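Working notes, structure below.
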Amino acid sequence: MTQPYPDHIRLGPGEDSVILLDQTQLPNRLEERQVRSLAEMIEAIRSLRVRGAPAIGIFAGYCLYALSRQLEARGWKGPALLAELEGLGAALAGARPTAVNLSWAVDRMLRAARGSAGEHMSEALGRECRAIHQEDQDMCHKISEYGLSLLQSGDGVLTHCNAGPLATSRYGTALGPILLAQERGISLRVFADETRPLLQGARLTAWELQQAGVDVTLICDNMASIVMKNGWVQACFVGCDRVAANGDTANKIGTSGVAILARHYGVPFYVLGPTSTIDLSCPDGDHIPIEERDGEEIRSLWYREPMAPSGVKCYNPAFDITPHTLISAIITERGICRPPYSLSLPALFSPPQGEPSYSP
Ligand SMILES: CSC[C@H]1O[C@H](OP(=O)(O)O)[C@H](O)[C@@H]1O
């Protein structure tokens with residue numbers, strides 16, 4: 001597997017801390033960070049040292065487990081320990097609002113804690129956080145296989161932001177089929193949007209694909225139109241942070257613009273993500289909370305000196321909503337969902353009936 005940095009999220013010695021690759025330092029520095037306190041853990045999520053919907057869910061699982069080990073070492077147990085973990089979990093889940101995987105993972109960990117009668121709560125949490133991580137690896141591999149079935153050798157793929165191994169556990173979602181193709185000698189040409197203002201495409205996607213030996217071309221976000229007009233793009237692959245019941249999808253800011261361009265140029269537009277990113281309790285995109293971030297990320301973050309007048313008002317939404325009408329298919333680990341999503345998404349969660357509802 002062309003994984004440029006295996007285990008970018010893992011438990012520290014003694015399993016009472018979490019070690020992460022600090023993604024704010026990429027691609028210039030490979031720096032790990034060990035976090036032990038709740039404040040450090042929340043800061044790592046909010047500052048995007050660890051980021052990507054599945055990755056922050058995996059991270060939160062390890063964090064709750066590490067915190068439970070610290071508390072048990074100080075004598076906490078039973079209902080008092082559970083109440084404390086409930087509070088810690090709520091704080092972690094509130095670190096970022098848009099990606100449903102964060103709250104999904106916290107809820108799953110707390111269910112494991114509540115069901116841990118007769119054993120140390122940390123033992124149940126240790127099993128659950130490892131299961132979340134392992135399941136994500138398996139899901140990303142399946143998503144990659146389904147996604148690759150939509151491509152052929154020589155295709156051009158445009159992607160936005162970063163949905164590779166750094167945003168997940170391995171392979172990734174949007175980048176998974178591309179990395180799997182590389183492993184199998186299937187040649188693809190990738191156009192990576194830099195993805196302002198946080199440049200996950202430039203800093204992370206270009207780095208991951210270059211490390212894997214993939215033919216990647218970095219473009220500014222405003223160049224997506226011309227590469228599609230030139231006929232260089234046969235598919236757009238993007239990740240997701242929350243998929244509503246009707247298929248409306250939240251993803252990094254600028255994704256909906258890519259979808260509109262794809263529709264204009266007749267390029268298939270695919271969303272790739274695990275079923276843990278699908279929120280059937282959310283009826284449509286209007287009900288997905290959109291995180292807004294500090295305007296300094298626009299005014300000055302990447303520049304030796306601010307590139308805009310000091311304090312100029314900025315609007316910095318971190319995500320936008322792509323209407324389900326612009327999405328050609330949603331690729332999950334349980335199959336390829338095509339419209340109408342209001343029917344095909346719930347079918348993913350019905351008891352498996354042999355083959356997935358849609359196979360490639
Ligand atoms: C595989 S999910 C990746 C998803 O998360 C990113 O957001 P952020 O970098 O702010 O965590 C982006 O929306 C990606 O598509």
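The structure presented is a predicted model; accordingly, all values stated were derived computationally and were not measured. Residue numbers run from 1 in the order of the sequence given. All ligand and atom numbering here is 1-based and tracks the order in the structure.
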Practice item. May I ask you to list the atoms of ligand 1 that are less than 4.0 angstrom from any heavy atom of Thr173? Key: 1 (C)
Practice item. Run the numbers for me: atoms of ligand 1, each under 4.0 Å from some heavy atom of Cys240, listed by number. Key: 2 (S)
Review point. Is Asp221 reaching over with its side chain to a backbone N or O of Thr195, donor-acceptor style, under 3.5 angstrom?
Key: yes
Check your understanding: Ion pair present between Arg10 and Glu32, side-chain N to carboxylate O less than 4.0 angstrom?
Key -> yes
Review point. Quick one: is the NZ or CZ of Arg334 closer than 6.0 Å to the six-membered ring centre of Phe349, and within 45° of its axis?
Key: yes
Review point. Looking just at side-chain N and O atoms, do Asp136 and His133 make a donor-acceptor pair shorter than 3.5 Å?
Key: no
Exercise for review: Give the residue and atom name of whichever protein heavy atom lies nearest to atom 4 (C) of ligand 1, and the separation in Å to one decimal.
Suggested key: Asp241 OD1, 3.6 Å
Review point. With backbone taken as N, CA, C and O and side chain as the heavy atoms from C-beta onward, which portion of Val238 lies under 4.0 Å from ligand 1: side chain, backbone, both, or neither?
Key: neither
Point to revise | Ala55, portion touching ligand 1 at heavy-atom distance under 4.0 Å | key: neither
Exercise for review: Identify, for atom 11 (O) of ligand 1, the protein heavy atom at the shortest distance, and state residue, atom and that distance.
Suggested key: Gly52 N, 2.9 Å
**Study point:** Under 4.0 Å to a heavy atom of Gln200 - the qualifying atoms of ligand 1, by number
**Key:** 8 (P), 9 (O), 10 (O)
Review point. Are side-chain N/O atoms of Arg51 and Asn162 paired as donor and acceptor at under 3.5 Å?
Key: yes
Review point. Hey, does the side chain of Arg189 reach the backbone of Asp215 with a donor-acceptor pair shorter than 3.5 angstrom?
Key: no
Review point. So is Asn162 close enough to ligand 1, meaning a heavy atom under 4.0 angstrom away?
Key: yes
